[in-house]
Amino acid sequence: MKNFKFVRSIITPLDKINVDTDQIVPKQFLKLVTKTGFGKYLFYNWRFNLHGDKKPNFVLNKSLYRNSKILVSRDNFGCGSSREHAVWAIIDYGFEVVIATSFADIFYDNCFQNGLLPIQLNGEIINKLMKFESYVKVNLPQQIIEFGSERVKFVIDVEKKQNLMSGLDNIAFTMKYEDKISEYENISNVPSIL
Amino acid sequence: MPKTLYEKIFDSHIIATRNQSHLLYVDRHFLHEVTSPQAFDGLRLNKRQVRRPDLTIATVDHNIPTTDRSLPMVDKVSSIQINTLENNCKYFGIKLFGMNSPDQGIVHVIGPQLGITLPGTTIVCGDSHTSTHGAFGTLAFGIGTSEVEHVLATQTIWMQKSKSFKITISGKQKPAITAKDIILFIIRSIGTSGGAGTVVEYSGDVVINFSMAQRMTMCNMSIEAGARAGIVAPDQKTFDYLRDKKYIPHNYDALIDYWKSYLYSDPNAKFDKKIDIEISNISPQVSWGTNPSMVSDINSKIPFPEQYSESDHNRLEVENALKYMGLKPGTPINEITIDRVFIGSCTNSRLEDLIEVSKIVKGRKVFPTVKAIIVPGSQLVKKQAETLGLHKIFKDANFEWRESGCSMCLGMNNDFLLPGERCASTSNRNFEGRQGVGGRTHLVSPIMAAAAALKGHLVDVRELM
């Protein structure tokens with residue numbers, strides 16, 4: 001996982017509420033046993049018709065947004081299934097930041113495991129962002145988004161921020177707690193399954 | 001200080017705390033073929049072991065065929081995923097209930113039915129419907145694949161404490177009104193993000209009177225309201241249900257004493273959010289849109305988008321949903337004809353669901369233009385149903401009687417809708433394309449699905465009772 005600090009890009013406006021993980025990566029593409037290669041399936045049923053041709057009106061198919069690294073959407077983004085494939089697809093496609101009014105819990109957690117920065121902002125700011133057609137700067141160390149004359153602070157948990165910035169291996173970090181985990185196991189009265 | 005049931009279970013599993021994050025011990029970890037391969041790969045890449053294979057089980061459910069299992073699998077890609085899980089379980093020493101095991105089934109059906117799900121424990125699984133196990137007074141929630149890898153390696157997970165949300169359900173549960181109707185009614189009332197950031201505790205007379213199967217259906221769909229988990233305080237019904245199960249611990253009675261003394265929300269416990277739901281006058285519920293809050297009474301009409309506020313994008317979402325669903329505002333819901341019926345999924349595929357369906361179906365026939373399948377939640381459910389002769393009733397009525405699996409809930413195997421096909425389904429999600437690209441899903445209870453199969457259109461099951 002790379003170290004996340006700054007992103008500068010135009011935004012891709014996905015002006016919808018309740019974007020669920022079945023739309024982000026449809027189930028017919030969950031059969032891979034790797035973490036890469038999901039980008040071509042991102043929003044597949046919205047991007048392509050039944051014959052596999054691009055739907056010209058869908059925002060990701062507009063050439064203007066081809067190199068965008070910031071996806072902007074609305075309430076309850078990432079609801080539904082826990083599939084981490086949704087986050088893998090967003091990253092593999094080239095996005096590094098998702099901005100929304102709110103996120104579903106599991107999706108939000110999955111973002112941080114993969115170096116994708118989810119930013120929650122209020123509806124008023126999102127309305128402005130949706131219409132903003134020039135470069136947006138995301139500064140994670142200072143927790144600031146800049147666009148035009150706007151300078152907006154965003155909130156992020158201190159642990160999660162550090163993990164993103166250091167690209168830390170979570171498992172190696174937790175393994176430092178080995179003594180405490182063993183200690184817990186010794187006093188726990190939960191029996192083995194078999 | 002008084003605590004909620006959720007806080008009690010959460011707090012008793014804390015190993016360490018850093019800022020707002022707690023390292024929680026995981027008592028049981030369930031795996032399936034779709035969300036685990038990348039996690040096992042990660043372990044191998046870093047030369048790590050599974051810390052507690054004895055607290056971990058696996059099954060195949062998401063993409064296995066529900067047709068004759070003695071035949072070779074047609075879908076080679078699914079086959080690779082299934083073989084990958086078999087190899088991973090062998091390599092890391094994990095118990096697998098594989099395709100030919102008598103204990104195979106949907107992971108959220110077999111956990112309780114084998115007595116692996118226990119009150120007061122923490123359970124995680126790479127599947128959002130892990131919330132189902134909350135019916136047993138368990139803190140159970142879905143996780144992503146990276147977290148699956150983390151739990152395999154450390155038997156722990158970093159979590160922030162969720163807010164607590166108490167939903168009290170009261171009133172008289174009338175015939176034909178099932179737990180499915182009640183949870184759909186709740187999601188319709190609070191919305192798909194109404195439970196976001198919370199763990200819901202379901203309480204009240206209605207929940208106390210629920211069977212374990214009904215409690216599971218309710219907790220299962222907590223995630224559809226955006227909640228991370230749903231939970232019901234365990235009681236004698238819970239303990240009796242688990243008693244004779246295959247993997248129940250030897251010291252079960254001692255555990256019950258402990259659970260009784262501890263597993264309930266203290267009388268003065270503070271919840272962050274509370275609502276009361278009265279169900280005496282609700283009708284069977286049907287979804288008409290593309291998320292599980294777009295739900296109405298069976299005897300009502302498809303709503304007009306103008307009824308929804310314009311400002312928060314709701315109106316636009318309803319317009320898009322009706323377009324996708326091919327429905328006109330003002331159409332009576334009970335006049336909507338259907339092509340397919342699916343009775344199954346981790347929401348509604350338990351023996352009790354099938355018994356209720358059989359009462360509606362007995363002596364009747366599936367409407368000639370409808371293709372209807374019944375997919376039991378596990379091989380054990382299938383066997384029990386066949387012992388009762390239910391399969392004969394279903395087959396006589398022209399329902400297809402299948403092998404267990406997730407099947408047409410998400411259509412990863414060969415059970416899926418074709419573009420434009422309309423289905424009455426007992427599953428949990430009606431998202432665009434969920435049951436097949438271009439497929440149209442109406443979420444209903446098992447008996448409502450059965451009634452729709454017989455009549456060829458959505459219908460109030462009470463007309464057949």
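Each chain gets a letter, A, B and so on, in the order its sequence line appears, and its residues count up from 1.
Contacts between residues 140-149 of chain A and chain B, counted as heavy-atom pairs separated by less than 4.5 Å, involve no residue at all. Of all residues spanning residues 96-109 of chain A, those with a heavy atom less than 4.5 Å away from chain B's heavy atoms are A:Asp105, A:Ile106, A:Asp109, arranged by number. Against chain B, the residues from residues 14-35 of chain A that qualify, each with a non-hydrogen atom under 4.5 angstrom away, are A:Asp15, A:Lys16, A:Ile17, A:Asn18, A:Asp20, A:Asp22, A:Gln23, A:Lys27, A:Gln28, A:Leu30, A:Lys31, A:Leu32, A:Val33, A:Thr34, A:Lys35 in number order.
Your options are B:Lys246, B:Gln155, B:His129, B:Glu149, and the one with the most heavy-atom pairs under 4.5 Å with chain A is B:Glu149. By number of non-hydrogen pairs under 4.5 angstrom with chain A, the leading residue of B:Glu33, B:Arg28, B:His62 is B:Arg28. Chosen from B:Asn314, B:Asn19, B:Thr130, the residue pairing most often with chain A at heavy-atom distances under 4.5 Å is B:Asn19. Chosen from B:Gly197, B:Ser36, B:Gly115, the residue pairing most often with chain A at heavy-atom distances under 4.5 Å is B:Gly197. For chain A, the option among B:Arg434, B:Lys95, B:Glu224 with the highest count of heavy-atom pairs below 4.5 Å is B:Arg434. Ranked by heavy-atom pairs shorter than 4.5 Å toward chain A, the options B:Asn46, B:Val148, B:Asn251, B:Ile143 are led by B:Ile143.
Atom CG of residue B:Asn291 and atom SG of residue A:Cys79 lie 7.0 Å apart, to the nearest 0.5 angstrom. Note that the OG1 atom of B:Thr145 and the CH2 atom of A:Trp88 stand 4.0 Å from one another [nearest 0.5 Å]. Rounding to the nearest 0.5 angstrom, the gap separating the NE2 atom in B:His150 from the CD atom in A:Gln113 is 7.5 Å. Here B:Glu147 contributes atom CD and A:Asn170 contributes atom CG; the two are 8.5 Å apart, rounded to the nearest 0.5 Å. A distance of 10.5 Å separates CG in B:Asp27 from OG in A:Ser192, rounded to the nearest 0.5 Å.
Of the atoms belonging to B:Arg228, heavy atoms from both backbone and side chain fall under 4.5 Å from chain A. When heavy atoms are compared at a cutoff of 4.5 Å, B:Leu114 does not approach chain A at all. Proximity to chain A involves both the backbone and the side chain of B:His13, based on heavy atoms less than 4.5 angstrom apart. Heavy-atom distances place no part of B:Ser162 under 4.5 Å from chain A, backbone and side chain included. Of the two parts of B:Ile116, only the side chain, counted from C-beta on, holds a non-hydrogen atom closer than 4.5 Å to a non-hydrogen atom of chain A. In this structure, chain B has heavy atoms under 4.5 Å from both the backbone and the side chain of A:Ala172. Proximity to chain A is limited to the side chain of B:Asn320, based on heavy atoms less than 4.5 angstrom apart. Using a 4.5 Å cut-off between heavy atoms, B:Ser12 touches chain A through its backbone atoms (N, CA, C, O) alone. Contacts of B:Tyr258 with chain A are made by side-chain atoms alone, with heavy-atom separations under 4.5 Å and no backbone atom involved. Proximity to chain B is absent for every atom of A:Thr36, based on heavy atoms less than 4.5 angstrom apart. Neither the backbone nor the side chain of B:Thr122 comes within contact range of chain A, judged by heavy atoms closer than 4.5 Å.
Residues A:Ser81 and B:Ser128 share a closest heavy-atom pair of CA-OG, 3.7 Å. When all heavy atoms are compared, the tightest approach of B:Tyr247 to A:Ile193 is CD2-O, 3.6 Å. Contact record, B:Thr154 with A:Met175: CG2-CG, 4.2 Å, taken as the closest heavy-atom pair.
Between B:Arg51 and A:Ile181 there is a side-chain heavy-atom pair separated by less than 4.5 Å. When side chains are defined from C-beta on, B:Arg52 counts as touching A:Glu185, because their heavy atoms get closer than 4.5 Å. A:Lys160 has its side chain out of reach of B:Gln20: every pair of non-hydrogen atoms, C-beta onward, lies at least 4.5 Å apart. Residues A:His85 and B:Thr35 form a side-chain contact, since some pair of their non-hydrogen atoms from C-beta on lies under 4.5 Å apart.
A:Tyr177 and B:Trp158 have perpendicular rings, their planes meeting at more than 60° on a 0 to 90° scale where under 30° would count as parallel.
Ion pairing between a basic and an acidic side chain is recognised when a charged N comes within 4.0 Å of a carboxylate O; B:Glu317 and A:Arg74 show no such pairing.
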Trace of the side chain to side chain donor-acceptor pair (under 3.5 Å) decision for B:Ser193 with A:Asn76: CA-CA 6 Å; B:Ser193 56; A:Asn76 204 24; 4.5 Å; no
Test log, rule side-chain contact (heavy atoms from CB on, under 4.5 Å), inputs A:Ile171 and B:Arg48: CA-CA 10 Å; A:Ile171 297 178; B:Arg48 287 171 177 146; 3.5 Å; yes
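Remark: B:Arg44 CZ is packed, more than 12 non-hydrogen atoms of other residues, nucleotides or ligands lying under 6.0 Å away.
Applying the side chain to side chain donor-acceptor pair (under 3.5 Å) test to every pair with at least one member in residues 41-64 of chain A, sequence neighbours left out, gives these pairs: A:Trp46-B:Glu432.
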